[in-house]
Amino acid sequence: MVRSYSSFLCMPMTAEIRHDWSIEEVEQLLNLPFNDLLFRAQTVHRAHFDPNQIQVSTLLSIKTGACPEDCGYCSQSARNNTNLEPERLLPVDEVLEAARAAREKGATRFCMGAAWRNPTDTNLQKVADMVKAVKGMGMETCLTLGMLSREQARALKDAGLDYYNHNLDTSPEFYGEVITTRTYQDRLETLEHVREAGLNVCSGGILGMGESRRDRASMLCQLSNLPSHPESVPINLLVQVEGTPLYGTEKLDPLEFVRTVAAARIMMPRSHVRLSAGRAEMSDELQALCFLAGANSLFYGERLLTTDNAETDRDKALFARLGLSMEQHVETEKPPQGRACHRV
Ligand code: SAM
Ligand code: DTB
Ligand code: SF4
């Protein structure tokens with residue numbers, strides 16, 4: 001007891017912004033006694049955020065399935081035998097209707113996802129029109145369309161896009177076990193293009209794909225050692241979809257998920273850490289631990305892209321039980337003091 005407490009005290013408690021994490025250092029964080037790790041994460045969290053506010057985004061799949069990529073977790077890959085009905089790019093009015101419904105429920109950001117390796121320039125123009133329309137409703141906008149060139153990222157910025165989501169998914173070491181049709185470097189380059197265009201970066205990964213604790217540490221190093229931390233860091237728990245290669249993977253210890261959220265919070269103190277896919281299968285108590293570990297963003301609404309999300313009534317009840325409020329502010333990353341809030 002005494003030994004772990006003293007080693008815990010030796011670790012800095014300040015919310016320093018660093019880009020030089022080593023995998024070993026992150027492993028040390030992940031190896032801390034659970035209470036010490038959560039205390040540190042909560043301390044860092046409180047230095048930067050109101051701990052009782054949650055940023056709320058809603059997702060919509062604007063183009064579903066028939067994707068040429070071979071991501072081993074994904075229901076939308078044409079190579080996986082899932083029972084998914086492919087859909088063409090949705091018309092703008094359908095997207096706007098969904099955005100309006102999301103806004104009425106309290107979401108401040110609307111995230112649109114497409115099952116593409118990368119958008120064609122024609123499709124990019126159509127999506128840019130969606131961004132303009134959603135933005136015109138007063139919501140923040142986010143897209144995830146696959147790889148982007150420098151020019152495409154700029155065109156989306158010009159259309160008024162706020163965030164671009166592109167996940168690293170896992171560590172560079174484990175990556176090849178999950179995806180072979182695009183490289184880790186491709187992903188890093190897209191993130192560079194997005195950042196260069198002046199867009200906010202949303203990038204994180206998936207846990208529970210059979211990776212090791214070291215892989216989780218390595219993925220967090222990649223994210224926090226980017227030239228700027230992503231403003232938003234989605235931590236997904238693998239949603240196991242029948243017919244995908246990762247279906248049947250041994251389930252991750254839920255406390256390991258919490259530990260990883262805590263490490264993300266400590267390493268990227270000013271980022272919103274999003275408790276993303278996998279909430280439908282999590283208990284309220286597990287989600288509460290994730291919030292304590294510094295998660296302060298989530299997807300709200302009955303669906304993610306192709307799978308069910310936690311139900312909104314359940315989320316409302318959970319927010320009320322935990323005394324959490326939805327962030328209402330639409331502007332990007334401001335100090336916590338300025339944020340308005342909205343009780344559910
Ligand atoms: N096609 C684009 C791409 O892959 O870049 C955008 C959409 S893709 C569905 C966005 C992210 O969702 C993936 O990078 C992955 O991290 C996450 N994701 C997809 N399927 C998932 C699953 N079954 N469980 C957890 N996360 C998943
Ligand atoms: C992210 O990190 N998680 C979201 C979003 N970015 C696009 C996607 C989750 C997808 C979960 C599986 C599905 O519904 O298809
Ligand atoms: Fe396609 Fe994206 Fe799914 Fe990979 S994660 S198969 S790129 S939709």
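We use all heavy atoms of the structure for the numbers below, so side chains are in, but hydrogens, waters and symmetry mates are not. For reference, positions follow the sequence shown, starting with 1. Keep in mind it's a predicted model, so treat the numbers as computed, not measured. Remember, it's 1-based here, ligands and their atoms both numbered in the order they're listed.
Between the side chains of Ser218 and Glu173, a donor-acceptor pair is found at a separation under 3.5 Å. With hydrogens and angles left out, the side-chain atoms of Asp121 and Gln152 include a donor and acceptor closer than 3.5 Å. Residues Asp169 and Tyr73 have side chains that bring a donor and an acceptor to within less than 3.5 angstrom of each other.
Considering both main-chain and side-chain atoms, Val239 never comes within under 3.5 Å of ligand 2 through any nitrogen or oxygen pair. Considering backbone and side-chain N/O of Thr144, none are found under 3.5 Å from N/O of ligand 1. By the 3.5 Å distance cut-off applied to N or O atoms, Tyr73 is counted among the residues near ligand 1. Every N/O-N/O distance between Gln76 and ligand 2 stays at or above 3.5 Å. Among the atoms of Thr144, none of the N or O lies under 3.5 angstrom from an N or O of ligand 2.
Not one N/O/S atom of Cys67, from backbone or side chain, sits under 2.8 Å from atom 4 (Fe) of ligand 3.
Interface of Asn167 with ligand 2, defined as ligand atoms under 4.0 Å from a residue heavy atom, comprises 1 (C), 2 (O). Under a 4.0 Å criterion applied to the non-hydrogen atoms of Pro234, ligand 2 contributes the atoms 2 (O). Which parts of ligand 1 touch His166 is read off a 4.0 Å heavy-atom cut-off, strictly below it: atoms 5 (O). Near Trp116, meaning under 4.0 Å from any of its heavy atoms, are these atoms of ligand 1: 1 (N), 2 (C).
Both Ile266 and Val258 are members of a single hydrophobic cluster when ILVMFWY side chains are connected at heavy-atom separations under 4.5 Å. A single hydrophobic cluster is not seen to contain both Ile23 and Leu29; linkage of ILVMFWY side chains at heavy-atom distances under 4.5 Å, directly or through other members, places them apart.
When hydrogens are left out, the protein atom nearest atom 7 (S) of ligand 3 is Arg182 NH2, 3.2 Å; that is the closest non-hydrogen contact. The closest protein non-hydrogen atom to atom 4 (Fe) of ligand 3 is Cys71 SG, 2.3 Å. For atom 3 (Fe) of ligand 3, the closest non-hydrogen atom of the protein is Cys74 SG, 2.3 Å.
Within the 4.0 Å heavy-atom criterion, the part of Ile206 lying near ligand 1 is the side chain and not the backbone. With a heavy-atom cut-off of 4.0 Å, His166 does not touch ligand 3 at all. Counting heavy atoms under 4.0 Å from ligand 2, residue Asn165 touches it through the side chain alone.
Within the cation-pi definition used here (under 6.0 Å to the ring centroid, within 45° of the axis), Arg259 does not qualify as a partner of Phe34.
Protein non-hydrogen atoms do not reach within 4.0 Å of atom 8 (S) of ligand 1.
Of the listed options Arg182, Arg117, Gln240, Arg182 places a heavy atom closest to atom 4 (O) of ligand 1. Residue nearest to atom 13 (C) of ligand 2, selected from Thr306, Asp169, Ile235: Thr306 (by heavy-atom distance).
Using cut-offs of 30° and 60° on the angle between ring planes, the pair Phe319 and Phe291 is perpendicular.
Although no hydrogens or angles enter the test, the distance criterion places no donor-acceptor pair under 3.5 Å between the side chain of Asp158 and the main chain of Ala155.
Ile179 has its side chain within reach of Arg187: a pair of non-hydrogen atoms, C-beta onward, lies under 4.5 Å apart.
Residue contacts with ligand 1 include Gly146, since one of its heavy atoms falls under 4.0 Å from the ligand. Heavy-atom distances between Ala114 and ligand 1 reach below 4.0 Å in at least one pair.
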